[in-house]
Amino acid sequence: MVAEALPNSHEAPPVVLGLQPAALIDNVAPVDWSLLDQIPGDRGGSIPVQKDELEHILKELDTHVTAAPLKKMAGGSVANTVRGLSVGFGVATGIIGAYGDDEQGQLFVSNMGFSGVSISRLRKKKGSTGQCVCLVDDSGNRTMRPCLSSAVKIQADELSKDDFTGSKWLVLRYAVFNLEVIKAAIGFAKQEGLSVSLDLASFEMVRNYRSELRQLLESGNIDLCFANEDEAAELLRGEQEAGPEAALEFLSRHCSWAVVTLGPKGCIAKHDKEVVQVPAIGETVATDATGAGDLFASGFLYGLIKGLPLEECCKMGSCSGGSVIRALGGEVTPENWQWMHKQLQLKNLPVPDIRN
C-alpha cells in the first residue's frame with residue numbers, strides 16, 4: 001500500500017503531537033431509545049462494528065433522529081484533544097496517522113487543517129477512512145459504534161524519529177489493535193525527550209485487554225494517564241479496593257500525573273504526593289457527553305505546558321470539558337469556546353491568547 005505524506009512547509013515542530021493511527025469521521029446524532037434498544041452491546045459504551053452494521057445504523061438514523069440533524073466531523077479521541085488545544089488554547093499541535101482516498105478522508109484532513117492542527121504527518125493511502133456512529137440519548141449519554149476494520153491506518157514501520165523531533169508531548173489513546181504502533185511511537189518519543197499522555201479509551205477496551213494495558217502502564221513510559229470512572233472500575237475489577245480513589249492510587253504508582261474524571265462530580269488527580277478533587281464546571285446535564293474526556297485532556301495538558309499547579313490544571317480541564325458537552329459532537333463551537341474563556345476569567349485562571 002503506497003502512503004503519500006502531506007507536504008511540510010518547514011513549519012516549527014508542534015508542542016503537542018497526537019498519534020491516531022486511523023483517521024475517523026464521527027456521525028453524531030440525537031436519537032430516541034427505540035433505536036438504542038435495537039443495537040447490541042451496552043449503552044454508553046464503544047463497541048467496534050463491521051461496515052454492513054455501520055451502514056445499517058446510518059440507514060436507521062433516517063427514521064430515529066430526534067430534533068437536530070446528523071453532524072459529520074473529524075473524530076477520534078486524539079483528534080478531539082489536539083484540535084481542542086489548537087483552537088481553544090492556541091497551542092501548536094500536530095497529528096500522526098493515515099486517511100483513505102475517499103470523501104471521509106478529505107473531510108478529516110480539511111477539518112483538522114482548518115483547525116490549525118499540523119497535518120504534514122498524515123499519510124494518504126488507497127482505501128477507506130474509518131467512521132464512527134455516535135448516538136446521543138436525551139440524557140446526553142453517547143453510545144459509540146466505530147467501524148475501523150477496513151480503514152487504512154499508519155503502521156509502526158512508517159514512523160520515524162523525525163516525526164517526533166522538537167515536540168514536548170505525545171498524546172495516545174489505548175487500543176490493543178494499535179499496540180504495535182503505540183509502542184513504536186513511545187519508543188521514538190522517549191528517544192526525543194517527549195512526555196507521553198495516555199487515555200484509557202473505553203471500559204470495554206480496559207475490560208477485554210486489561211493485562212496488556214497494565215503491562216503498558218507498568219513499563220514506566222507513560223507520564224500522564226486519564227481514566228473515566230467506568231474505565232477506572234474495570235482497571236481494578238475483582239480487587240478488594242476498586243473505586244476511583246484506588247484506581248488513582250494504582251495509576252499514580254506508574255505515572256507522574258494520574259487523573260480520574262467523574263462526570264458531573266468533577267475529577268480527582270494525583271502528582272507526587274499531592275491529591276486534589278475538583279468539581280465539574282458548567283452544565284449539570286450534558287447535551288452530549290461526546291468528547292468530554294478528550295477536551296478535559298486539552299485543558300489539563302495546557303495547564304501542564306504552562307506550568308500550572310495540579311489543582312489549576314484540573315480546573316482548566318473542567319472548563320474545557322464543560323465547553324464541549326453544551327452542543328452535539330466532540331468539536332467545541334465558537335460560542336462555547338467563548339463560554340469557556342468566560343469561565344476561566346471568573347475563576348482567575350489564565351485565559352489563552354488564541355490570536356498568537
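- Listed for the R173 side chain is a donor-acceptor partner under 3.5 Å among the backbone atoms of A201.
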Original post:
Which is it for D137 and T143 under the side-chain contact (heavy atoms from CB on, under 4.5 Å) test, yes or no, and what are the steps along the way?
Top reply: CA-CA 8 Å; D137 66 24; T143 298; 6.0 Å; no
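- To the nearest 0.5 Å, the span separating CE on M144 from CD1 on I47 amounts to 12.5 Å.
- The shortest heavy-atom contact between R121 and S118 is NH1-OG, 3.4 Å.
- Atom NZ of K190 sits in a crowded spot, with more than 12 heavy atoms from other residues, nucleotides or ligands closer than 6.0 Å.
- By the 4.5 Å heavy-atom criterion applied to side chains, K51 and E55 are counted as neighbours.
- Between F250 and H254, the two ring planes are perpendicular [angle over 60°; tilted spans 30° to 60°].
- Atom OG of residue S298 and atom CG of residue N80 lie 8.0 Å apart, to the nearest 0.5 angstrom.
- Residues L217 and C225 approach most closely at CD2-SG, 4.0 Å, considering heavy atoms.
- For the side chain to side chain contact (heavy atoms under 4.5 Å, CB included) with F300, the qualifying choice from S320, C314, C267 is C314, the only one to do so.
- Note on D163 versus R123: salt bridge recorded, some NZ/NE/NH1/NH2 to OD/OE distance being below 4.0 Å.
- Heavy atoms only, all atoms of each residue included: W337 and G84 are closest at CH2-O, 3.6 Å.
- Applying the side-chain hydrogen bond (donor to acceptor under 3.5 Å, both in side chains) test between N27 and each of K71, Q104, K72 identifies K72 as the sole match.
- Checked by atom type and distance alone, the side chain of E231 never pairs as donor or acceptor with a backbone atom of V260 at under 3.5 Å.
- What you find for G18 and V78 is that their closest heavy atoms are CA-CG1, 3.4 Å.
- At a threshold of 4.5 Å between non-hydrogen side-chain atoms, the residues L344 and P352 count as touching.
- Ring-plane geometry between W257 and H271 is classed as parallel, the angle between the planes falling under 30 degrees on a 0 to 90 degree scale with a further cut at 60.
- The shortest distance between side-chain heavy atoms of I57 and R145 falls below 4.5 Å.
- Going from atom SG of C319 over to atom CH2 of W339 covers 6.0 Å, rounded to the nearest 0.5 Å.
- Tracing side-chain contacts under 4.5 Å through hydrophobic residues (I, L, V, M, F, W, Y), one reaches M316 starting from L301; they form part of the same cluster.
- Across all their heavy atoms, A74 and N111 have their closest contact at CB-OD1, 2.9 Å.
- Side chains of Y174 and E212 form a contact here, defined as non-hydrogen atoms less than 4.5 Å apart.
- The side chain to side chain contact (heavy atoms under 4.5 Å, CB included) test with L198 is passed by exactly one of L224, L213, I186, L170: L213.
- Counting only distance, with no hydrogens or angles, the side chain of D102 and the backbone of T129 share a donor-acceptor pair below 3.5 Å.
- Residues V16 and T81 form no side-chain contact, since every pair of their non-hydrogen atoms from C-beta on lies 4.5 Å or further apart.
- Checked by atom type and distance alone, the side chain of S86 pairs as donor or acceptor with a backbone atom of S115 at under 3.5 Å.
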**OP:** Check step by step if side-chain contact (heavy atoms from CB on, under 4.5 Å) holds for V152 and K126.
**Re:** CA-CA 8 Å; V152 299; K126 282 200 176 304; over 6 Å; no
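- Atom CG in D199 sits 11.0 Å away from atom CZ in F296 (nearest 0.5 Å).
- Panel note: side chain K161, backbone E192; no donor-acceptor pair is recorded below 3.5 Å.
- Panel note: side chain Q131, backbone C147; no donor-acceptor pair is recorded below 3.5 Å.
- A donor-acceptor pair is defined here as one N or O able to donate and one able to accept, closer than 3.5 Å; no such pair exists between the side chain of Y209 and the backbone of F177.
- Linking ILVMFWY side-chain heavy atoms closer than 4.5 Å, directly or via other members, places F114 and L122 in two distinct hydrophobic clusters.
- You'll find the side chain of V275 reaches within 4.5 Å of the side chain of L248, heavy atoms only.
- Evaluated for a side chain to side chain contact (heavy atoms under 4.5 Å, CB included) with M112, the options T93, V117, L107 yield exactly one hit, V117.
- Within the 4.5 Å cutoff, side-chain heavy atoms of V109 are placed close to those of I119.
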Original post:
Step by step, would you call V176 with M205 a side-chain contact (heavy atoms from CB on, under 4.5 Å)?
Top reply: CA-CA 8 Å; V176 77; M205 188 65 73; 4.3 Å; yes
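- L251 is listed as a side-chain neighbour of L235, based on a closest heavy-atom distance under 4.5 Å.
- Ion pairing of K315 with E312 is absent here, as no side-chain N (NZ or NE/NH1/NH2) approaches a carboxylate O to less than 4.0 Å.
- Interatomic distance, H341 NE2 to S323 OG, rounded to the nearest 0.5 Å: 8.5 Å.
- Side-chain contact check for D223 and S256: no donor-acceptor pair (N or O, by modelled atom type) lies under 3.5 Å.
- The backbone N or O of V28 lies less than 3.5 Å from no partner atom in the side chain of D26, so there is not a single donor-acceptor pair.
- Enclosure of atom NZ in K347 by more than 12 non-hydrogen atoms of other residues, nucleotides or ligands within 6.0 angstrom is indicated.
- In this structure a side-chain-to-backbone donor-acceptor pair under 3.5 Å is present from R210 to R237.
- Note on I222: it clusters hydrophobically with V181, by side-chain heavy-atom contacts below 4.5 Å among ILVMFWY residues.
- Listed here is the closest heavy atom pair of C132 and L24: N-CD1, 3.8 Å.
- Linking ILVMFWY residues whenever their side-chain heavy atoms come closer than 4.5 Å, directly or via other members, leaves V82 and I154 in distinct clusters.
- Using a cutoff of 4.0 Å between basic side-chain nitrogens and carboxylate oxygens, E239 and R214 are scored as salt-bridged.
- No salt bridge links K59 with D52; every basic N to acidic carboxylate O contact stays at or beyond 4.0 Å.
- Checked against the 6.0 Å centroid threshold, F108 and Y99 do not count as a close aromatic pair.
- Within 6.0 Å of CD in E103 there are 12 or fewer heavy atoms belonging to other residues, nucleotides or ligands.
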Subject >> K265 and E229: CA distance, side-chain angles, deciding distance, salt bridge (charged side-chain N to carboxylate O under 4.0 Å, His left out) verdict >> reply: CA-CA 10 Å; K265 299 193 292 288; E229 203 167 359; 3.3 Å; yes
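- Within 6.0 Å of CD on E180 lie no more than 12 heavy atoms contributed by other residues, nucleotides or ligands.
- Distance OG/S197 to CG/L17: 12.0 Å, rounded to 0.5 Å.
- Listed for the Q20 side chain is a donor-acceptor partner under 3.5 Å among the backbone atoms of A79.
- Linking ILVMFWY residues whenever their side-chain heavy atoms come closer than 4.5 Å, directly or via other members, places Y302 and F226 in the same cluster.
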